[in-house]
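Structure record follows, encoded as structure tokens.
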There are 2 protein chains.
Amino acid sequence: MQAPQRRPAPETETELQQRYHSLAGQRIADIAGELHWPVPDNLHSNKGWQGQLLEAALGCDAASKSEPDFTLLDIELKTIPIDSHGKVLESTYVCIVPLSHTPADAWQHSCAYKKLKRVLWIPLMSESVDIAERIIGTAILWTPTTQQMAMLQSDWQEFTSMINLGQLQDITSKHGDALQIRPKGADAKALSETINAQGETIQTMPRGYYLRPGFTQNILKSCLY
Amino acid sequence: MQAPQRRPAPETETELQQRYHSLAGQRIADIAGELHWPVPDNLHSNKGWQGQLLEAALGCDAASKSEPDFTLLDIELKTIPIDSHGKVLESTYVCIVPLSHTPADAWQHSCAYKKLKRVLWIPLMSESVDIAERIIGTAILWTPTTQQMAMLQSDWQEFTSMINLGQLQDITSKHGDALQIRPKGADAKALSETINAQGETIQTMPRGYYLRPGFTQNILKSCLY
DNA sequence: CAGGATCCACGTGTGGATCCTA
DNA sequence: TAGGATCCACACGTGGATCCTG
């Protein structure tokens, strides 16, 4: 009957490593128990619950926007659902797509770049229907290879150019090799502003950048056995 | 033990008139009782409570920003605290002050103009410490006279020019004849962005436009006996 | 199986204003 | 007495992601 807790922020990368090593092999129930978090029966009514639990367990301190989760270490945390064969089960949300006036040469100042330049991936065996019994995998602290970074930048620049030309409506989830753009909002009625090809302001559904499963699969592949 | 209620939006000005006529002379307790709103002992912990009660009683439908409270009728609602002699006891909050890039020629597109071009004033005898026993006065549906509108516009344009020149720091509550600028935020630590005289972006306290008591006193004067 | 739709938490900002002290 | 400070409610947007049909 204690209040939910969270751990303090790690101050060094070594400290962070110790923590995520200690998580590997644990069940969600173990981690939730230590922090006094009640485990829900399913995720229908809080799809981000597992991610938030792991943030609390590792001591993420960014409640703020567009900041990496570990502000001191400049590292982003992502939980990634996999099956028992190590196969990635979902795409990974990165950040919202800015729909107005983004300089297309500003990749290194973009939200997507900041989120992806260094990521701690926590694989989560998600085949068990029972959330409590799901097992944490071996975490990977990833920095994109030159090739991977080039793919991301290339996709991002194409998307950004199209949006600046008012062609957002022409972008589908099929575009992009590593990144894709998909809806992101409360529901299909949510609205944001952008411009059309005539430069007029119009209302449209908010979108997010997502990493394709194939891309994240490649990141994890080297480390699964 | 019923849930708090609110009335539907009035569809015509006549309907609105009927409603606010029926409020005159009633106690806060009467109105709150009909809507099943519990009356607080004081306003320390919800300074806007009375205004929100009257919004519910009259059927304001704008939960949205920068819209008049009665969206169909394009009318704004303001409760105004007075003493037993009809003296206005407080300044009246209008809207927040935009701290970046407002064209100084855009008075008629400004938030302040939209809020003030037609206002239903509900005087509230506020000398009683007992909130429940406070009495609603005779409401006034006001459109600014040419003179009043000129004062408002003049004040607004001077403020807007100064802000665009980066002189926000030089504006005090002493400036302005009808309007004044005062702090508006959670507390003294709240921050917004503006520019200084060198054009650099700086952090400053958020501000609001307020009507001086003398100005609202003149509006009410013609109708009090 | 993947594109389109959706769900909760929570921080922030605006709208409703009044409080409080020099 | 009025200028500066402050209080709550609630809508909205972003961050955490997964759901669910053709």
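Throughout, a chain's letter reflects where its sequence line sits, starting with A, and its residues are numbered from 1. The model shown is predicted, which means the values in this text are computed figures rather than measured ones. Side chains included, hydrogens not; waters and symmetry mates left out as well; all remaining heavy atoms used.
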Residues passing the side chain to side chain contact (heavy atoms under 4.5 Å, CB included) test with A190(A), sequence neighbours excluded, are P206(A)

Any side-chain N or O of K115(A) below 4.0 angstrom from OP1/OP2 of dG16(D)?
yes

Sorted by chain and residue number, the side chain to side chain contact (heavy atoms under 4.5 Å, CB included) partners of A186(B) (sequence neighbours excluded) come out as none

Gap between atoms CZ and P, on R6(A) and dG15(D) respectively (whole Å)
16 Å

Which nucleotide, dA9(D), dA17(D), dG3(D), lies nearest any side-chain atom of N46(B)?
dA9(D)

Answer yes or no: does atom CD of E158(A) have more than 12 heavy-atom neighbours from other residues, nucleotides or ligands under 6.0 Å?
no

Does the side chain of T79(A) get closer than 4.0 angstrom to OP1 or OP2 of dA17(D) through an N or O atom?
yes

Give the rounded distance in Å between these two atoms: CD of E90(B) and P of dC19(C).
7 Å

Pull out every residue in residues 176-186 of chain A that has a heavy atom closer than 4.0 Å to any atom of DNA chain D, ordered by number, or say none.
R182(A), K184(A)

Under 30°, 30 to 60°, or over 60°: which ring-plane class applies to F159(A) and Y209(A), parallel, tilted or perpendicular?
tilted

For Y93(B) and dT18(C), is the shortest distance between a side-chain N/O and OP1 or OP2 below 4.0 Å?
no

Can you check the Y209(B) OH to dT14(C) P distance for me, whole Å?
14 Å

Please enumerate all residues that pass side chain to side chain contact (heavy atoms under 4.5 Å, CB included) together with E90(B), with sequence neighbours excluded.
P81(B)

Side-chain donor or acceptor of Y210(A) under 3.5 Å from a matching atom on the base of dA2(C)?
no

Which of these nucleotides, dG15(C), dC7(D), dG4(D), is closest to any side-chain atom of C95(B)?
dG15(C)

If you look only at pairs with a residue in residues 182-191 of chain A, which of them pass as a side chain to side chain donor-acceptor pair (under 3.5 Å), with sequence neighbours excluded?
S91(A)-R182(A), Q180(A)-R182(A)

Could you tell me the separation between the CZ atom of F70(B) and the P atom of dG15(C), rounded to a whole number of Å?
17 Å

Which residues pass the side chain to side chain contact (heavy atoms under 4.5 Å, CB included) test with P38(B), sequence neighbours left out?
none

Classify the side chain of Q52(B) and the base of dC8(D) as holding, or not holding, a donor-acceptor pair under 3.5 Å.
no

Taking only the side-chain heavy atoms of D69(A) (C-beta and beyond), determine which of dA17(D), dC20(D), dG16(D) contains the nearest atom.
dG16(D)

Separation of atom CZ in F215(A) from atom P in dA2(C), rounded to whole Å:
17 Å

Could you tell me the separation between the CD1 atom of I96(A) and the P atom of dG11(C), rounded to a whole number of Å?
18 Å

Taking the nucleotide of DNA chain C with the closest heavy atom to each, which residue, S91(A) or Q50(B), is nearer the 5' end?
S91(A)

Give the nucleotide from the list dT18(C), dT6(C), dC8(C) with an atom nearest to the side chain of S45(A).
dC8(C)

Among dC19(C), dG16(C), dT18(D), which nucleotide sits nearest the side chain of L43(B)?
dC19(C)

In whole angstroms, the gap separating P of dC10(D) from CD of E55(B) amounts to 11 Å

Within less than 4.0 Å of OP1 or OP2 of dG16(D), is there a side-chain N or O belonging to K78(A)?
yes

